[in-house]
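Here is the structure we will look at.
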Amino acid sequence: MTETAKIRYDEGCLAAHALNLIGDRWALLVVRELMFAPKRFQAIRVGIPGITASVLTARLGQLAGVGVLHHETRLGIYGLTDAGRGLLPVLESLCHWALTIPGHDPRRFISPSALMISMRVCLRHRDGVALAGFDLGAEAFQMRLAGGRLETIAVNRPDTPFVLSGTGNTLAAAVYGTAPLKMLADAGLIACSGDLAAAQEFVDRFSLCADRPGASE
């Protein structure tokens with residue numbers, strides 16, 4: 001245990017040990033925002049609008065102290081270590097569990113990273129091969145489905161048969177809602193460049209229903 005890790009639970013339980021390391025409020029959301037790419041301080045804060053600068057500074061220091069992330073001081077960039085990236089299945093499991101609990105409000109803010117993680121969890125139809133692009137302004141991603149596995153990477157510009165553009169919330173509505181993509185695009189809520197039919201087929205693979213396992217790998 002490092003000096004920056006508080007002893008909240010004086011137990012030998014492994015779950016208690018994990019919570020001693022990452023159990024502070026906001027800690028896992030900071031990890032979420034760094035899951036696909038390193039970021040600067042302000043970019044992390046944009047993805048967690050409820051956090052103050054002082055609290056984010058504290059969480060980054062704590063997570064660095066326990067080896068979850070590292071700070072490239074010359075460039076001012078924070079990135080996850082292997083231990084930090086190992087928390088992706090934890091975030092996915094929390095998302096899958098949340099699907100079974102009433103009260104989720106998708107009208108609240110959804111960050112780009114949050115949407116990408118939720119899509120890994122909510123993939124229902126894994127057959128075939130597909131390549132998808134998402135442009136959320138400051139962040140962009142490519143998804144590749146093959147062999148029943150969904151892989152997501154951050155990119156500067158998607159090189160895919162189609163690219164869906166919008167905010168985390170409007171794209172979540174496009175992926176999980178019932179309205180056709182063309183209707184959402186015509187209403188100006190999202191944009192779609194490239195093969196609209198392929199885009200519709202791709203988003204039809206996802207559902208917020210909790211009747212099947214998530215997409216953890």
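Numbers here simply count residues along the sequence, with the first being 1. Since this is a predicted model, take the numbers as computed values, not measurements.
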message: Using side-chain heavy atoms (C-beta onward) and a distance below 4.5 Å, is Gln62 in contact with Val66?
response: no
- request: Taking the side chain as every heavy atom from C-beta outward, state whether Phe134 and Met116 have any atom pair closer than 4.5 Å.
  value: yes
message: Is any side-chain heavy atom of Val121 closer than 4.5 Å to one of Leu99?
response: yes
task: Report yes or no: do Val155 and Met35 belong to one cluster of Ile/Leu/Val/Met/Phe/Trp/Tyr joined by side chain heavy-atom distances under 4.5 Å?
output: no
field: Gln142 side chain to Thr152 side chain, donor-acceptor N/O pair below 3.5 angstrom
entry: no
task: Carefully, step by step, assess Ile190 and Leu171 under the rule side-chain contact (heavy atoms from CB on, under 4.5 Å).
output: CA-CA 7 Å; Ile190 66 165; Leu171 288 180; 4.0 Å; yes
task: Check whether Trp26 and Val46 end up in the same hydrophobic cluster, where Ile, Leu, Val, Met, Phe, Trp and Tyr are linked by side-chain heavy atoms less than 4.5 Å apart.
output: no
message: Go through it in stages, so that I can follow the logic: the residues are Leu196 and Phe162, the test is side-chain contact (heavy atoms from CB on, under 4.5 Å), and I'd like the CA-CA distance, side-chain angles, deciding distance and then a yes or no.
response: CA-CA 7 Å; Leu196 180 61; Phe162 65 86; over 6 Å; no
- prompt: Within a strict 4.5 Å, meaning less than it, do heavy atoms of the Arg108 and Asp105 side chains meet?
  reply: yes
query: Which one of Cys209, Ser207, Pro106, Ser118 satisfies the side chain to side chain contact (heavy atoms under 4.5 Å, CB included) criterion with Tyr176?
result: Ser118
field: Criterion side-chain contact (heavy atoms from CB on, under 4.5 Å) on Leu63 and Val30, from CA distance to verdict
entry: CA-CA 9 Å; Leu63 291 169; Val30 172; 3.8 Å; yes
- prompt: Arg205 side chain to Asp127 main-chain N or O, any donor-acceptor pair under 3.5 Å?
  reply: yes
- line: Separation between CZ (Phe36) and CD (Glu139), nearest 0.5 Å, reads 9.5 Å
message: When you measure from the side chain of Ser93 to the backbone of Val90, do you find a donor-acceptor pair of N or O atoms at a distance under 3.5 Å?
response: no
message: Is there a path of hydrophobic side-chain contacts, each under 4.5 Å between heavy atoms of I/L/V/M/F/W/Y residues, joining Leu29 to Leu87?
response: yes
field: Distance-only side-chain donor-acceptor flag, Ser111 / Ser113, under 3.5 Å
entry: no
Within-4.5 Å side-chain heavy-atom neighbours: Phe202 and Leu164: no
message: Could you tell me if the side chain of Leu60 sits less than 4.5 Å from the side chain of Tyr78, heavy atoms only?
response: yes
message: Is it true that, when you exclude Asp10 itself, more than 12 heavy atoms of the residues, nucleotides or ligands shown sit nearer than 6.0 Å to its CG?
response: no
message: My understanding is that only residues two or more places apart in sequence, or in another chain, count here; which of them pass salt bridge (charged side-chain N to carboxylate O under 4.0 Å, His left out) with Arg85?
response: Asp82
field: Heavy atoms from other residues, nucleotides or ligands near CG of Leu14 exceed 12 (cutoff 6.0 Å)
entry: no
query: Is Glu72 salt-bridged to Arg40, cutoff N-O under 4.0 Å?
result: no
- prompt: Between Thr160 and Leu131, is there a donor-acceptor pair closer than 3.5 Å when you use the side chain of the first and the backbone of the second?
  reply: no
query: Are the side chains of Leu28 and Leu94 in touch, meaning some heavy atoms are under 4.5 Å apart?
result: yes
- prompt: CG of Leu115 to SG of Cys122: how many Å apart, nearest 0.5 Å?
  reply: 9.5 Å
Separation of Arg45 CZ from Glu33 CD (nearest 0.5 Å): 13.5 Å
- prompt: Thinking salt bridges, do Arg8 and Asp24 make one under a 4.0 Å N-O criterion?
  reply: yes
- prompt: For Tyr9, does its backbone N or O pair with a side-chain atom of Asn20 as donor and acceptor, under 3.5 Å?
  reply: yes
task: Can you measure from CG (Leu123) to CG (Leu150) and round to the nearest 0.5 angstrom?
output: 5.5 Å
Residues Ile117, Cys95; criterion side-chain contact (heavy atoms from CB on, under 4.5 Å); working and verdict: CA-CA 8 Å; Ile117 291 173; Cys95 290; 4.2 Å; yes
field: Main-chain N/O of Arg149 paired with Arg144 side-chain donor or acceptor, under 3.5 Å
entry: no
Thr170-Thr167 side chain donor-acceptor pair, cut-off 3.5 Å: yes
Leu21 and Val68, any side-chain heavy atoms less than 4.5 Å apart: no
- request: Please identify each residue that fulfils salt bridge (charged side-chain N to carboxylate O under 4.0 Å, His left out) with Asp159, with sequence neighbours left out.
  value: none
task: Give the cluster check for Leu19 versus Leu88: same hydrophobic cluster or not, with ILVMFWY residues linked at side-chain heavy-atom distances below 4.5 Å.
output: no
query: CD1 of Ile77 to CG of Leu69: how many Å apart, nearest 0.5 Å?
result: 13.0 Å
- prompt: Taking all non-hydrogen atoms of both residues, which atom of Ala174 and which atom of Leu181 are closest, and how far apart?
  reply: CB-CD2, 3.7 Å
message: Rounded at 0.5 Å granularity, tell me how far CZ in Phe109 sits from CG in Asn169.
response: 7.0 Å
- line: Heavy-atom nearest pair, Phe141 first then Pro158, reads O-CG, 3.8 Å
